[in-house]
Protein chains: 2
Amino acid sequence: MTAGQPRADAAPEVGGRGVRMPRRERREQLLESALGVFVAQGYHAAAMDDIAERAGVSKPVLYQHFPGKLDLYLALLEVAADDVIANCRDALASTQDNRLRVEAAMGVFYSYVADAAGAFRLVFESDLTSEPAVRAQVDRVTSECADLIAAVIHDDTDLPHAESRLLAVSLVGMAQVSARFWLAEHGDTEGGIDLEVASALVSGLAWRGIRGYPLHD
Amino acid sequence: MTAGQPRADAAPEVGGRGVRMPRRERREQLLESALGVFVAQGYHAAAMDDIAERAGVSKPVLYQHFPGKLDLYLALLEVAADDVIANCRDALASTQDNRLRVEAAMGVFYSYVADAAGAFRLVFESDLTSEPAVRAQVDRVTSECADLIAAVIHDDTDLPHAESRLLAVSLVGMAQVSARFWLAEHGDTEGGIDLEVASALVSGLAWRGIRGYPLHD
DNA sequence: TGCGGATGCCGATCTTGACGTCCATGGGTG
DNA sequence: CACCCATGGACGTCAAGATCGGCATCCGCA
């Protein structure tokens, strides 16, 4: 068996076949199963049959909770996007020290990528970017995180809005790409770089880059 | 008509319908048309009918030149990947001054993104990452560019290989993401930031970040 | 110069695979 | 014990990738 196609039906199927369940709880169950399948296979390769099977229900029940495949995907994507944006906001608000802000924000991206559920793949590696609604959510993550960072930069320096925003996007890109590569190369093996070490290293790069700009006051 | 679905059949169709053409030249024509369609619509939304129509031929001729849709996509992707990697290599080799190296490499990414053909979308916004061959090409760009940069970092500092590589990936991520957002926000309008200004700004951020590391000698 | 054959291309077709619905069934309740 | 309804296996449909019979074109020959 090749390692390129991780099968998605290895879940324990907590709510087994034919079990009556409250609608709210079942909806959560379906979302969880769908996340697993979308993360493992991507949007196009994921079949509604797979999702239903993994959730331990049949396809009609799935369609009783979600009008279609796209709606299901968007529901998951929106949650994943809100999650990282909120964490980024909290990280920036957690301190007034900009150096610590950089470290905290970097840690948010690394933790997000390291999360076992793998929801970050919906945001950073989506295969449905041709769909405008998906594109909007994906772009929203970088855009809103960058806005939060840009506000800090703009407050503390003399840089105009547009320039602050471009620098903020650069920092977000640095965090996002490096975190994904860290996961791919060192995330699973024990011989690689630890998450905290990697996050601190890249935080250092980011802080050295951003700290030198002229202060506002 | 909505603006969300840019039609792909607005090309001048240089080799019109039913025109005899040398095989090599026709192949180039097909690749060009395919690139336009894939860039505009993404892999999944792109139909072989669209590509054939844009090239001014019918579907059978398309299949006489390429065994299938995936092969066609991979041919384009490989060229696009080689292109940016080679440019990155040239940029780093163009000088011994690391500051100029950063600026040159950043310029490579911004120029690549600003290119009218839009081949960068195949590399940075592919919607076929579930395909291992595609994933390999896409990752190869970041990986090989990072290797080139990491070699410079490792030569000039005391950082171990793994750390140099992670910093290099961070710089590549910064360039890639910021360039794409620059294009989306300022690339078309005249009121935004100029390419050189944006590239220089982000180069400054990168250089401030990387210059401070302890020199080797 | 007119004609026959061969060549290669286009319109029409087939197939597959996955999304999105319908008839038997089984369990719960009055 | 009979009714009711949620469930699931089986199915229709459709889009898109991948191929086949007419036909126009070109060349060689009398």
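Within every chain, numbering begins at 1; the chains are lettered A, B, ... in the order of the sequence lines, protein sequences first and strands thereafter.
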Rounding to a whole Å, what distance do you find between A/Y73:OH and C/dA18:P? 17 Å
Rounded off to whole Å, could you give me the CG-to-P distance for the B/L72 and D/dG17 pair? 11 Å
Is a donor from one side chain sitting under 3.5 angstrom from an acceptor on the other, for A/R135 and A/S126? no
Sort me out a list of protein N/O and nucleotides 18-20 of chain D N/O pairs below 3.5 Å, or just none if empty.
{"unit_1": "D/dA18", "atom_1": "OP2", "unit_2": "B/Y63", "atom_2": "OH", "d": "2.8"}
{"unit_1": "D/dA18", "atom_1": "OP2", "unit_2": "B/K69", "atom_2": "N", "d": "3.2"}
{"unit_1": "D/dA18", "atom_1": "N7", "unit_2": "B/K59", "atom_2": "NZ", "d": "3.3"}
{"unit_1": "D/dA18", "atom_1": "N6", "unit_2": "B/K59", "atom_2": "NZ", "d": "2.5"}

Within the 4.0 Å heavy-atom criterion, would you say B/A45 contacts the bases, only the backbone, or no part of the nucleic acid? nothing
Name all residues meeting the side chain to side chain contact (heavy atoms under 4.5 Å, CB included) criterion together with B/V152; count only those two or more places apart in sequence or in a different chain, and write none if there are none. B/N98, B/R101, B/D156
Could you give the NE2-to-P distance, from B/H44 to D/dA15, as a whole number of Å? 18 Å
Gap between atoms CD and P, on B/E53 and D/dG17 respectively (whole Å): 13 Å
Could you state the atom-to-atom distance from CD1 of A/I51 to P of C/dA18 in whole Å? 13 Å
With a cut-off of less than 4.0 Å, is there a side-chain N or O of B/Q64 near OP1 or OP2 of C/dC9? yes
Determine the minimum heavy-atom distance between A/F124 and A/R180, stating which atoms define it. CB-CD, 3.6 Å
Sub-4.5 Å side-chain heavy-atom contact between A/V202 and A/W182: no
Check the pair A/D127, A/R121 against salt bridge (charged side-chain N to carboxylate O under 4.0 Å, His left out), reporting the backbone distance first and the verdict last. CA-CA 10 Å; A/D127 60 341; A/R121 293 194 189 276; over 6 Å; no
Atom-pair distance (CG on B/D71; C1' on D/dG17), nearest Å: 13 Å
side-chain contact (heavy atoms from CB on, under 4.5 Å) between A/L183 and A/L195, worked out: CA-CA 9 Å; A/L183 180 73; A/L195 186 147; over 6 Å; no
Whole angstroms only, please: what is the CG-P distance between B/L62 and C/dC10? 11 Å
